[in-house]
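Right, one structure below, let's go through it.
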Amino acid sequence: MKDILLITPPFTQLNTPYPATAYIKGFLNTKNISAYQMDLGIEVILEMFSKNGLESLFQVSGSKLEEFGPNSQRIFALKDDYIKSIDSVIAFLQGKNPSLARQICSGNFLPEASRFDQLDDMEFAFGSMGMQDKAKHLATLYLEDLSDYIVECVDENFGFSRYAERLGRSANSFDQLYNHLQNELTFIDEITIKILKKRIEEVQPKLVCFSVPFPGNLYSAFRCAQFIKANFPNVKTAMGGGFPNTELRELKDTRVFEFFDFITLDDGELPIELLINHVLNSPPLEGLGEAKRTFLLENNQVVYKNNSTRHDYKQSEVGTPDYSDLLLDKYISVIEVANPMHSLWSDGRWNKLTMAHGCYWGKCTFCDISLDYIKLYEPIAAKILVDRMEELIAQTGENGFHFVDEAAPPALMREVALEIIKRKLMVTWWTNIRFEKSFTADLCLLLKESGCIAVSGGLEVASDRLLELIKKGVTVEQVAQVTRNFTESGIMVHAYLMYGYPTQTIQETVDSLEMVRQLFELGVLQSGFWHQFAMTAHSPVGMFPEEFGVIPEQNEIMFANNDINFKDKTGINHDKFSFGLKKSLFNYMHGICFDHDLQDWFDFKIPKTKISPDFIYNCLEKEHNFSVKPNAKIVWIGGKPQTEIFTKSKKGNSWEMMKLTFHNKTQTYDFSVNVEEGKWLVDTLEKISVYTDSKMTFSQLKSDFEQQFDDFELFWYSKPINTLRQLGLLTL
């Protein structure tokens, strides 16, 4: 029994829990408040995609067989093969049955429908995929076939990472969602409610808190809350998370509170603590006394209460996320696209952490920079972060981390990397960044050494005019150089790409595609995703549309308000570019079709690109700035050299030399210097080692050298130092 039940409603991710409830549970631990958490989404998926689940599914849908399209008729005809294989395939995707990969890859094991039609196009990709990954990809296509069947024959609103998303998207009025909630329970609803009922009876909570990150979780959250109100009327319900934080800030419809007693905004720690104090108070207080950013119903009016004088908790005070109660060994790793970077979102279990609350840049004009989750920037100390990483490894047994920052700060990434290396932690991690010039080749090498395998960042529109209008703070040239630095260090790069930004011309869209083509062709970008510009209510474009040449549609806001429909004064229909942009990118991500004319991707006439075919190549060929800032930190991440003193003779003169031999993971290097410089070098490498607490700057290094020797510059650019730079002498 627990007083508090935290729920992520269906559906988010298949491969790893969405972290919001784990963050809140970790915070409640610091207050000695006991809570139970569940990812209702993964539990529903596992129930649906099981032998019993598919038997029920085909039984429910079988009466309408003549209404199905040919693909669904084929799947129904093969229903026994699906029912027979489903438990084995799910176990394989959970990592419990690795030997099944051989059967899956051998063919004629999985029933195949239309999703497998793309295999001929993708056969080239399997050469670079191992057998386990190839089998995961085939098993994913098998699940997607079943998903297509569910959408056509059982529930049009189903999606693996969303449910009834259209009901939550830009729903200025609550009418459509409310009316939908009056309908009979769907097949998926019945599974959801069955699992929820059992859990509530086991836990016996007094307060159930739903974290709703996306529009695709909203309908299920309301459906669950509706069930609780009807069957457990003494249990209080609350909603928080990304969706209410961005969409429900102007909530007015009283009907929402037939389902939820409380809706909180922004950082959830203090609001939920105050709600718990209120609900668990015995006897209960009349009305909600002290509250933080909380909507509720009083006298049949929607009231927003923010009367607490207490400040939100600092990031150092919120505790380590707690993943207990979640079914960590039951999540399903899938590979939708045969691209190693792209698969990170859906393959493997990641512990989720945040390096910094908010965004250190906070200027992009398409972004919700007026809201606290972006606006309030607060980094966490590197030592606390790495402490939390160690706690999570001990708790979950997993050493993979996804830092879910808006944009991880380069300086903090450097300190975290140094701390990871210093503690000799073996971790794998990735995060979201801005492509800014701070990511030098040396910083990228340090990040790689600490276990960083990938970064994702917004290139948005690959046009300098539009990047300036977006206030992105980067240029295409800079992005090319930074992506090269990451790629050459062995870190994969994913770019978020945008089309249809206000005032964007057709020429700029075509030129942007050409830039992207060149970045992929030169191998400095490994993955990407095009999305069409969406105007949001809390971004500068949404708040000041006249400055960006757009005319918004004005609607009365009673429920949600985020995505705003608008007309661009250019009158261009950007929708028509969607298919061609995405198809070209799909091919570029698999390393092919770079020689296709851009016109080939579109079924309408486009202008020729004005971008030189070697524009990106020339950006990468520009001279490096070899000067080092005096306050740059000099760090050695290599090992201790073996030394040998020998005598060298020439023309009757002899002198002592020192040979230094270095071993890294793959090679052995050596060079010789005179004995005094050799002794200084060995001593200095010890001082600047990543494992020591002290840090030496470039100017201190120069000064130390010049106390014994002449001409530091000659020494710094000499062959021995160049060798050391290859081995891990970094300027940060």
Side-chain angles (χ1 to χ4, degrees), residues 128 339-344 355 382 399-403 405 407-422 424-459 474 477-495 519-528 589 591 616-617 619-626 628 632-639 662-667 669 688-690 721-732:
S128 61
N339 173 293
M341 174 72 213
H342 217 72
S343 68
L344 287 180
M355 287 195 189
N399 66 352
F401 290 85
H402 178 196
F403 290 99
D405 290 64
L412 181 54
M413 288 173 73
R414 178 190 70 197
E415 295 307 312
V416 167
L418 289 168
E419 191 67 23
I420 288 169
I421 296 167
K422 192 173 172 183
K424 300 183 177 177
L425 268 187
M426 290 300 293
V427 293
T428 302
W429 63 275
W430 58 294
T431 191
N432 197 43
I433 59 149
R434 287 181 65 247
F435 293 119
E436 60 164 87
K437 58 180 181 293
S438 308
F439 290 109
T440 60
D442 278 12
L443 177 54
C444 292
L445 287 168
L446 176 78
L447 299 176
K448 172 66 176 172
E449 184 67 21
S450 73
C452 180
I453 55 163
V455 293
S456 56
L459 168 54
V474 298
E477 179 180 300
Q478 190 175 308
V479 171
Q481 291 164 353
V482 168
T483 55
R484 184 261 321 275
N485 291 344
F486 277 114
T487 300
E488 288 186 350
S489 73
I491 295 172
M492 296 184 292
V493 185
H494 173 92
L519 288 164
F520 274 97
E521 186 177 29
L522 290 167
V524 296
L525 207 54
Q526 289 76 51
S527 173
M589 283 200 297
I616 298 293
Y617 176 83
C619 291
L620 299 178
E621 287 297 296
K622 291 205 171 168
E623 281 294 310
H624 292 286
N625 181 5
F626 286 107
V628 182
K633 292 183 174 67
I634 308 298
V635 177
W636 171 245
I637 60 171
F662 296 84
H663 301 275
N664 68 12
K665 295 186 189 87
T666 56
Q667 286 179 284
Y669 296 80
I688 63 174
S689 167
V690 68
I721 294 296
N722 283 337
T723 303
L724 288 178
R725 291 178 79 86
Q726 292 176 53
L727 288 162
L729 180 65
L730 305 178
T731 306
L732 302 170

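For this chain, numbers begin at 1 and follow the sequence in order. Fair warning: this is a prediction, and the values are worked out from it, not measured in the lab. Excluded from the calculations below are hydrogen atoms, water molecules and symmetry mates; all remaining heavy atoms, backbone and side chain alike, are included.
Minimum interatomic distance between F401 and V427 (heavy atoms only, all atoms of both residues): CE1-CG1, 4.0 Å. Contact detail for Q526 and T487: the closest heavy-atom pair is NE2-OG1, 3.3 Å. Closest approach of S438 and L443 over heavy atoms only: O-CD2, 3.4 Å. Taking every heavy atom of both residues into account, L525 and A495 meet most closely at CD1-CB, 3.8 Å. The two residues V482 and E436 have their closest heavy-atom pair at CG2-O, 3.3 Å.
Judged as a side chain to side chain contact (heavy atoms under 4.5 Å, CB included), and not counting sequence neighbours, the contacts of S527 are N339, M341, H342, H494, M589. Under the side chain to side chain contact (heavy atoms under 4.5 Å, CB included) criterion, S689 pairs with Y691, T692, not counting sequence neighbours. Applying the side chain to side chain contact (heavy atoms under 4.5 Å, CB included) rule to A480 yields the partners L519, I616, C619, L620; only residues at least two apart in sequence or on another chain are considered. Residues passing the side chain to side chain donor-acceptor pair (under 3.5 Å) test with T431: none are found, sequence neighbours excluded. With sequence neighbours left out, Y617 forms a side chain to side chain donor-acceptor pair (under 3.5 Å) with no residue at all. The side chain to side chain contact (heavy atoms under 4.5 Å, CB included) check on E415 picks up A382, L418, with sequence neighbours excluded.
Side-chain contact check for T731 versus I634: some heavy-atom pair is nearer than 4.5 Å. Side chains of T483 and L459 form no contact here, defined as non-hydrogen atoms less than 4.5 Å apart. Side chains of W636 and L727 form a contact here, defined as non-hydrogen atoms less than 4.5 Å apart. L730 places none of its side-chain heavy atoms less than 4.5 Å from the side chain of V690. Between D442 and R725 there is a side-chain heavy-atom pair separated by less than 4.5 Å.
Checked by atom type and distance alone, the side chain of D405 pairs as donor or acceptor with a backbone atom of M355 at under 3.5 Å. Here the side chain of Q481 pairs no donor or acceptor atom with the backbone of K437 at under 3.5 angstrom.
Here the NZ-CD1 distance, from K448 to I491, works out to 7.0 Å after rounding to the nearest 0.5 Å. Between C444 atom SG and E449 atom CD the span is 13.5 Å, to the nearest 0.5 Å. Interatomic distance, S450 OG to M426 CE, rounded to the nearest 0.5 Å: 11.0 Å.
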Next item on the list: Test side-chain contact (heavy atoms from CB on, under 4.5 Å) on I688 and L729 and set out the steps.
Entry: CA-CA 9 Å; I688 63 174; L729 180 65; 3.5 Å; yes
Check: Please walk me through it: do T723 and F662 pass side-chain contact (heavy atoms from CB on, under 4.5 Å)?
Finding: CA-CA 10 Å; T723 303; F662 296 84; 5.8 Å; no
Item checked: Stepwise side-chain contact (heavy atoms from CB on, under 4.5 Å) test for I421 and L446 -> CA-CA 9 Å; I421 296 167; L446 176 78; 3.7 Å; yes
Next item on the list: Give the C-alpha distance, both sets of side-chain angles, the deciding distance and a yes or no for side-chain contact (heavy atoms from CB on, under 4.5 Å) between L447 and V455.
Entry: CA-CA 10 Å; L447 299 176; V455 293; 5.8 Å; no
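Using a 30° and 60° split on the angle between ring planes, F439 and F486 fall in the tilted class, from 30° to 60°.
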